[in-house]
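All values derive from a computational prediction rather than experimental measurement. Order of the sequence lines sets the chain letters (A, B, ...), proteins ahead of strands, with each chain counted from 1.
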Amino acid sequence: MALHDWNLTPEAAIALQKRLAPSVRREDTLGEVGLIAGMDIGFEQGGETTRAALVLLEWPSLALVEQVVHREPTRMPYVPGLLSFREIPAALGAFAQLSQRPGLIMVDGQGIAHPRRLGIASHLGLWLDLPTIGVGKSRLCGQFGEVPSSKGEWTPLTDRRREEDPSDVSVDARGRVTIGAVLRSREGVKPLFVSPGHRLSLPTAVDWVVRCLGRTKLPEPTRLADRLASRRGEVAASGQLSL
DNA sequence: GCGACAG
DNA sequence: ATCTTGTCGC
């Protein structure tokens, strides 16, 4: 993938998403998943500083083997649909500090469950050329029915077909395509929005999320990254960049 | 034109 | 996302 600038106007960012979306691989091309990463972004000083948190867990023990935090000035405001342009730069800074490469990354946000099928998980996966899964806590787009109540069960998240969708995706009688899964990761709690980021299918994405589930709503990779990105669990972060 | 809208 | 008090439950 050709490198591009992150400071773009909304119009340019949307045009870029449309150009990149066709490159997102939705087939399973996972390698040996020895390490699973979890990524999340937090903000400090009223949003002036962006704080990227990255954790590496060993599979299948899910033991935490490495964690890094990277801080840098916030450049872009939050605009629905353009989240990746605001958060990926900082995420890359955190990745640069990692001493080992993960075989899979779980990102807090959407994968292809995005208006132009290029949510932050897909964009990051494309940039790093690594398998990624979007694990969102709320919906950006798409519709879904009642979510089963048992842990591990899910209902499809569908959306009207778009130009950004591959021509070979299955379209139902109503012209809709499945872009993700609304997963009951824990009983009695709001469901999770799981969608393929890059280099894996929806069934595989759901499988990995379920396999990384503990007793909490979020899978371990995202849960730990979330905790590190926020102030909670004040863990001693390794190699950070101060401002 | 009127809502909806990841983090 | 972040700001915040109390409250319910394992």
Side-chain angles (χ1 to χ4, degrees), chain A residues 6 10-11 13-14 16-17 20-21 24 38-54 69-94 105-127 132-144 147 151 157-160 162 164 176 179-183 185-198 202 205 209 214-219 221-234:
Chain A
W6 294 100
E11 304 69 48
I14 290 175
L16 178 57
Q17 293 182 323
L20 297 177
V24 173
M39 197 282 278
D40 189 30
I41 303 293
F43 295 89
E44 304 174 345
Q45 298 153 35
E48 291 177 21
T49 299
T50 297
R51 170 174 168 143
L54 203 52
V69 169
H70 169 80
R71 292 186 180 77
E72 62 175 50
T74 300
R75 331 180 182 187
M76 317 239 76
Y78 165 67
V79 178
L82 303 181
L83 181 68
S84 63
F85 294 88
R86 170 177 161 86
E87 306 190 340
I88 288 184
L92 296 179
I105 308 170
M106 287 191 193
V107 183
D108 191 309
Q110 314 296 329
I112 62 172
H114 174 280
R116 290 167 292 285
R117 309 294 180 260
L118 195 77
I120 188 171
S122 298
H123 201 162
L124 182 65
L126 218 45
W127 186 279
T132 56
I133 297 174
V135 182
K137 296 185 288 296
S138 62
R139 182 195 72 93
L140 171 59
C141 68
Q143 305 178 341
F144 60 98
V147 186
K151 178 179 179 178
L157 178 65
T158 69
D159 196 15
R160 204 179 70 173
R162 296 186 50 101
E164 292 79 7
R176 304 182 68 78
I179 58 176
V182 186
L183 173 72
S185 57
R186 175 170 186 185
E187 297 184 358
V189 178
K190 295 285 289 180
L192 240 39
F193 292 77
V194 179
S195 60
H198 185 46
L202 177 59
V209 170
R215 307 164 191 165
T216 54
K217 167 181 176 176
L218 297 176
T222 292
R223 185 181 73 78
L224 295 176
D226 204 282
R227 195 182 66 178
L228 186 59
S230 312
R231 233 156 254 297
R232 292 163 285 162
E234 210 59 58

Working note: D226(A) + K137(A), criterion salt bridge (Lys or Arg N to Asp or Glu O under 4.0 Å); need CA distance, chi angles, decisive distance, verdict.
CA-CA 11 Å; D226(A) 204 282; K137(A) 296 185 288 296; 3.8 Å; yes
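- When DNA chain B is scanned 5' to 3' for any atom under 4.0 Å from a heavy atom of chain A, the first and last hits are dA4(B) to dG7(B).
- Using a 4.0 Å heavy-atom criterion, one finds that G81(A) contacts the bases of the nucleic acid, with or without backbone contacts as well.
- Remark: aromatic rings of W6(A) and H123(A) are close, center separation under 6.0 Å.
- If you take CD of Q110(A) and C1' of dA1(C), they are 15 Å apart, rounded to a whole angstrom.
- Interatomic distance, I179(A) CD1 to T158(A) OG1, rounded to the nearest 0.5 Å: 7.0 Å.
- Separating the CG atom in D159(A) from the CD atom in Q143(A) is a distance of 7.5 Å, to the nearest 0.5 Å.
- At the heavy-atom level, Y78(A) lies under 4.0 Å from base atoms of the strands shown.
- Considering all non-hydrogen atoms of both residues, F85(A) and M76(A) come closest at O-CG, 3.8 Å.
- Atom NZ in K217(A) sits roughly 20 Å away from atom P in dG9(C) (whole-Å rounding).
- In this structure, CG in L140(A) is found 9.0 Å from CG in L83(A), a value given to the nearest 0.5 Å.
- Computed from coordinates, the I120(A) CD1 to dA1(C) P distance equals 12 Å when rounded to whole Å.
- In this structure, D40(A) places its CG atom 9 Å from C1' of dA1(C), rounding to the nearest Å.
- When heavy atoms are screened at a 4.0 angstrom cut-off, G119(A) is found touching base atoms of the nucleic acid.
- At whole-Å resolution of the value, CD1 in I88(A) and P in dA1(C) are 17 Å apart.
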